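Reading through the structure tokens given below for one structure.
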Amino acid sequence: MNMNRRAFLKTTGAGLMASAFPLSLVKIAFGGQAPAQDFTFGYISDAHLQQIQGNEFVRNWDMGLIRAVREANLLTPRPDFFMFGGDLAQLGKKEELDHGLEIMSNLRGKVHYVIGEHDYYLDLGEYWQSKIGPLWYSFDHKGVHFVTLNSILTYDSWIHKKWPSPMDRMLAMARLDNPNGSPFMVGEEQLTWLKKDLEKVNRSTPVVLFSHSPIQKIFKPWNFWTEDAERVQALLKPFEKATVIYGHVHQIEYNQIGNITFHAVMATAWPWPYPESYSQTASCLPKLTVPMNRADPFFERDATGWQFIDVRKGKVGMHYQLPDNKNRSVLFNSKAGKPQDVNYQDYGSRIPPQTHY
Ligand SMILES: [Fe+2]
Ligand SMILES: [Fe+2]
């Protein structure tokens, strides 16, 4: 599939063509094998809009989201819908969420939202629910079952401990490496709901699950982690085609665990470095079943950008548009049974990992 952004954009400005597109386009393709029809959806994530004072917001984060929305509006053919992957706000404030929704209101098309920890831990999702809707839900679209989870819950004892103020709780969860944070989890209530929800779905129907944190355990000190990930994975196990797409990590990640393919989407705000290359902290990475070839975190905009995402025969393929690096395509290799970087998966062609000091 020779997709490039020119094929998807109606544009008049050459400057725009040269820019980075901070959103993802997802294509669901069935390759003629299923009765369902192909379609696309867009994905924008991790905007982190931060209020400075009054109407003043951090401009760089604003611009990331504004640009994503503008460029999403140029996509052709029109995606069937858009996903927003969480962390719309930086500190969960009404002003930040309102500001984010105002920018998002310029996006032409239906948007489904995933909540992130930065949206949640000030008022525990109250304002989000009043303005946007439920924190977890599912929907069907053209033969695919989509599930959205709130994966950033944590232990009640942590949420309700004696915080000096709700903002102190928010700040404790907002920092990447805060030792006073708490591991993310989906929790019993949602697991029960998910089990019921998936019981109604035919085992051959492609299932795409959206979460904010990865439903796999990557790096606990930074909460690239979901405590009860295995329990969600177990519920997805009966399905022939299961994919988890998540935000939060602000970088390219892909993996395969059993029948489940994992992909991260990029942020519009900033990239995080890769835990594996962070030499100060002992690596807690699980054994990755697919060695990853990744973008360079030292280019500020490298790990921000957008992707085309296909779901070919129910399997997701990601097309990353990287302004400071060569573009990447991570497609499902059905022979190998896992996602692979089309051009850079082989050891000889990889970009070596960087060491941070
Ligand atoms: Fe984020
Ligand atoms: Fe996050």
Side-chain angles (χ1 to χ4, degrees), residues 1 3 24-43 45 77-85 109-114 136-149 151 186 190-191 193-212 214-216 226 229 231-247 253-265 289-290 307-320 329-340 342:
M1 197 154 218
M3 264 205 270
S24 319
L25 186 68
V26 185
K27 180 157 188 187
I28 311 271
F30 287 91
Q33 289 218 338
Q37 60 184 115
D38 297 357
F39 64 95
T40 62
F41 62 95
Y43 213 121
S45 195
R78 294 301 302 153
D80 282 18
F81 60 87
F82 289 91
M83 291 301 302
F84 185 83
K110 165 86 184 158
V111 188
H112 299 282
Y113 287 84
V114 183
W136 61 85
Y137 53 90
S138 66
F139 60 96
D140 293 292
H141 188 80
K142 295 184 179 172
V144 177
H145 187 66
F146 292 97
V147 178
T148 296
L149 291 183
S151 65
V186 169
Q190 271 184 102
L191 284 163
W193 171 83
L194 181 62
K195 185 168 182 283
K196 256 200 179 147
D197 182 77
L198 293 177
E199 269 166 11
K200 300 175 295 200
V201 182
N202 190 300
R203 297 310 187 224
S204 61
T205 300
V207 174
V208 177
L209 188 147
F210 303 119
S211 58
H212 182 66
I215 306 293
Q216 58 173 337
T226 304
R231 294 182 65 189
V232 179
Q233 290 169 19
L235 294 174
L236 291 174
K237 207 168 177 185
F239 293 91
E240 286 163 29
K241 299 152 195 165
T243 304
V244 173
I245 302 178
Y246 56 92
E253 281 179 1
Y254 52 98
N255 196 20
Q256 181 78 25
I257 299 177
N259 63 319
I260 309 167
T261 309
F262 294 84
H263 289 279
V265 291
T289 61
V290 189
Q307 308 90 60
F308 297 116
I309 309 176
D310 310 329
V311 180
R312 298 219 84 184
K313 297 172 188 170
K315 286 291 185 186
V316 163
M318 307 285 276
H319 301 266
Y320 294 93
S329 286
V330 180
L331 305 180
F332 192 79
N333 179 334
S334 43
K335 242 194 212 155
K338 55 194 176 187
Q340 289 183 334
V342 170

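Bear in mind the structure is a predicted one, so any value in this text is a computation, not a measurement.
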Q) Taking atom types as modelled, is there a side-chain donor on Thr261 or Gln256 under 3.5 Å from an acceptor on the other? A) yes
Q.
When you compare the side chain of Met83 with that of Phe41, does any pair of heavy atoms fall below 4.5 Å?
A. yes
(Q) If the condition is salt bridge (charged side-chain N to carboxylate O under 4.0 Å, His left out), which residues does Lys335 pass it with, not counting sequence neighbours? (A) none
Q) Can you tell if the side chain of Ile215 reaches within under 4.5 Å of the side chain of Ile260, non-hydrogen atoms only? A) no
**Q.** Residue list, salt bridge (charged side-chain N to carboxylate O under 4.0 Å, His left out) with Asp80, at least two apart or on another chain
**A.** Lys142
Q | Least distance between heavy atoms, Val114 atom then Ser211 atom | A | CG1-C, 3.7 Å
**Q.** Spacing of NZ belonging to Lys241 relative to CZ belonging to Arg203, to within rounding of 0.5 Å
**A.** 14.0 Å
Q. Does any N or O in the side chain of Thr226 come within less than 3.5 Å of the main-chain N or O of Pro214, such that one atom is a donor and the other an acceptor?
A. yes
Q.
Lys237: which residues meet the side-chain contact (heavy atoms from CB on, under 4.5 Å) condition with it, sequence neighbours left out?
A. Asn259
Q | Note, Thr148 side chain near Trp136 side chain (heavy atom, < 4.5 Å) | A | no
**Q.** Test item: Val208 and Val147 side chains (from C-beta on) under 4.5 Å apart, heavy atoms
**A.** no
Q) Heavy-atom distance under 4.5 Å between the side chains of Leu149 and Gln190, does that happen here? A) yes
Q | Test log, rule side chain to side chain contact (heavy atoms under 4.5 Å, CB included), inputs Leu194 and Val186 | A | CA-CA 10 Å; Leu194 181 62; Val186 169; 6.0 Å; no
Q | Any side-chain heavy-atom pair of Gln216 and Asn255 under 4.5 Å | A | yes
Q. Is the centre of the Phe81 ring less than 6.0 Å from the centre of the Phe146 ring?
A. yes
Q) How about Phe262 and Tyr246: do any of their side-chain heavy atoms sit closer than 4.5 Å? A) yes
Q | Ala336: side-chain contact (heavy atoms from CB on, under 4.5 Å) partners, not counting sequence neighbours | A | Asn333, Lys338, Gln340
Q) Looking only at heavy atoms, which two atoms of Gly42 and Pro79 are closest? And how far apart? A) N-CB, 3.7 Å
Q. Looking at side-chain heavy atoms only, is the closest gap between Val265 and Ile245 below 4.5 Å?
A. yes
Q: Could you give me the CA-CA distance, side-chain angles and deciding distance for His263 and Val330, then say whether side chain to side chain contact (heavy atoms under 4.5 Å, CB included) is met?
A: CA-CA 9 Å; His263 289 279; Val330 180; 3.9 Å; yes
**Q.** Residue list, side-chain contact (heavy atoms from CB on, under 4.5 Å) with Thr205, at least two apart or on another chain
**A.** His145, Val201, Asn202
Q: List the steps, then state whether side chain to side chain contact (heavy atoms under 4.5 Å, CB included) holds for Trp193 with Ser138.
A: CA-CA 10 Å; Trp193 171 83; Ser138 66; 4.0 Å; yes
Q: Output all residues satisfying side-chain hydrogen bond (donor to acceptor under 3.5 Å, both in side chains) with Tyr113, sequence neighbours left out; order by chain, then residue number.
A: none
Q: Mark yes or no for whether Gln233, through its side chain, and Leu235, through its backbone, hold a donor-acceptor pair below 3.5 Å.
A: no
Q | With His112, the ring pair (Phe, Tyr, Trp, His ring centres under 6.0 Å) member among Phe84, Tyr43, Phe82, Phe139 | A | Phe139
